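Comments concern the structure below.
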Protein chains: 2
Amino acid sequence: MHWDIKTDRPIYTQLIEQIQLKICSGVYPPGSRLPSVRDLAREASVNPNTMQRALAELEEAGLLYTHRTSGRFVTEDTDMIKHVKNSLAEKHVQEFLKKMIELGFDSSEIMSIISEMMKREGDET
Amino acid sequence: MHWDIKTDRPIYTQLIEQIQLKICSGVYPPGSRLPSVRDLAREASVNPNTMQRALAELEEAGLLYTHRTSGRFVTEDTDMIKHVKNSLAEKHVQEFLKKMIELGFDSSEIMSIISEMMKREGDET
DNA sequence: ATCATTGTATTAGGTGCTTAATACAATGAT
DNA sequence: ATCATTGTATTAAGCACCTAATACAATGAT
């Protein structure tokens, strides 16, 4: 699995986001067991304490649960996962629109820029 | 002027982004004089050192220049400003599309979500 | 000439994040 | 019963960022 950690924000927040993403996109399916804290930390090249912190917050949010000594598991509440996925999508759209409007682009300009850049994205195959 | 500083990222990077935005959107027009470091720091409720750091980086990037004791000014190079504006827009679109695709949305879904949320944005007048 | 204002530099201290090195209790496998 | 593995907790150190408190040289206004 790929972990993309940058230096411009706290690592533990990036871990939260990326684990959340793996859950929402099905890389970690509902009910499945996650690798151990130590293994995940090794994968992501971070300290186990940092990974533990991210996992603890995801557990508090309800996306994960723990069986004390057998490991951590993804929630089986698929409705919750869908809800998180939609919330993230909405957040991304809102933040994106805010930035573009602040820059001075109007709705039609935004739409055309996006569709233009989508074409270019599709080229890479 | 509004300054929106959060705690999840270094303050000086947020200052850079927001000053850059004010330049690109015309709040600080080409050739105009900026408030003094101390005044800007007071406006944004940050330490003068932190504001100074942000301004120094924008100066290194060429968006600002300094007359040693009379103040800082926005570049008169309007082409450069346009270029920065377009680069920012491209970056925002790419980051946005990346996030949405990672979440599992395809092109047509993305377009419809955006146009749907644009309607709702337009309501607030 | 004097003085307030400009950008700039320096020092010290505090805070949050990260890492490293341990340690411990609980459990599943042998 | 023993042992490796699980999550969890603790302590110490280092680092980047931020603030506070100064200080100084250069310039424009008076």
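Residue numbering restarts at 1 for every chain, and letters A, B, ... go by the order of the sequence lines. Heavy atoms only: backbone and side chains are in, while hydrogens, waters and symmetry mates are out. Every value quoted in this text rests on a predicted model; they were computed, and no experiment measured them.
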Distances for protein N or O near nucleotides 1-7 of chain D N or O, under 3.5 Å:
unit_1 : atom_1 : unit_2 : atom_2 : d
dT6(D) : O4'    : T69(A) : O      : 3.0
dG7(D) : OP2    : V37(A) : N      : 3.1
dG7(D) : O4'    : R68(A) : O      : 3.0
dG7(D) : N7     : R38(A) : NH1    : 3.1
dG7(D) : O6     : R38(A) : NH2    : 3.0
dG7(D) : N3     : R68(A) : NH1    : 3.4

Between protein and nucleotides 10-13 of chain C, what N or O pairs are separated by less than 3.5 Å?
unit_1  : atom_1 : unit_2 : atom_2 : d
dT10(C) : O4     : N49(B) : OD1    : 3.4

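Side chains of E76(B) and Y65(B): a donor on one and an acceptor on the other come within 3.5 Å. Checked by atom type, the side-chain pair E43(B)/W3(B) shows a donor-acceptor distance below 3.5 Å.
Of the candidates T75(A), L64(A), L34(A), L64(A) is the only one forming a side-chain contact (heavy atoms from CB on, under 4.5 Å) with I23(A).
Between the CG atom of L15(B) and the C1' atom of dT19(D) there is a distance of 14 Å, rounded to whole Å. A straight line from CG of L64(A) to P of dT8(D) spans 11 Å, rounded to a whole angstrom. Distance CG (N47(A)) to P (dA12(D)): 17 Å, rounded to an integer number of Å. Counting to the nearest Å, the P atom of dT8(C) and the CG atom of L58(B) are 12 Å from each other. Per the geometry, CE belonging to M51(A) stands 15 Å off C1' belonging to dC17(C), to the nearest Å. Atoms CG (D8(B)) and P (dC17(C)) sit 11 Å apart, rounded to a whole Å.
The pair R9(B)-E17(B) counts as a salt bridge, with a side-chain nitrogen and a carboxylate oxygen less than 4.0 angstrom apart. A salt bridge links E102(B) with K98(B): at least one charged nitrogen is closer than 4.0 Å to a carboxylate oxygen.
The shortest heavy-atom contact between V74(A) and P29(A) is CB-O, 3.4 Å. A pairwise comparison of heavy atoms in A44(B) and I5(B) identifies O-CG1, 4.4 Å as the closest pair.
Of the inter-residue distances, the one linking M118(A) atom CE with I113(A) atom CD1 reads 13.0 Å to the nearest 0.5 angstrom.
dG28(C) and dC3(D) make up a base pair, with Watson-Crick or G-U wobble contacts both under 3.5 Å. Nucleotide dA20(D) forms a pair with dT11(C), judged by Watson-Crick or G-U wobble geometry with both contacts under 3.5 Å.
Checked against a 6.0 Å centroid threshold, the rings of F96(A) and H92(B) do not count as neighbours.
Note on T50(A): every side-chain N or O is 4.0 Å or more away from OP1 and OP2 of dC17(C).
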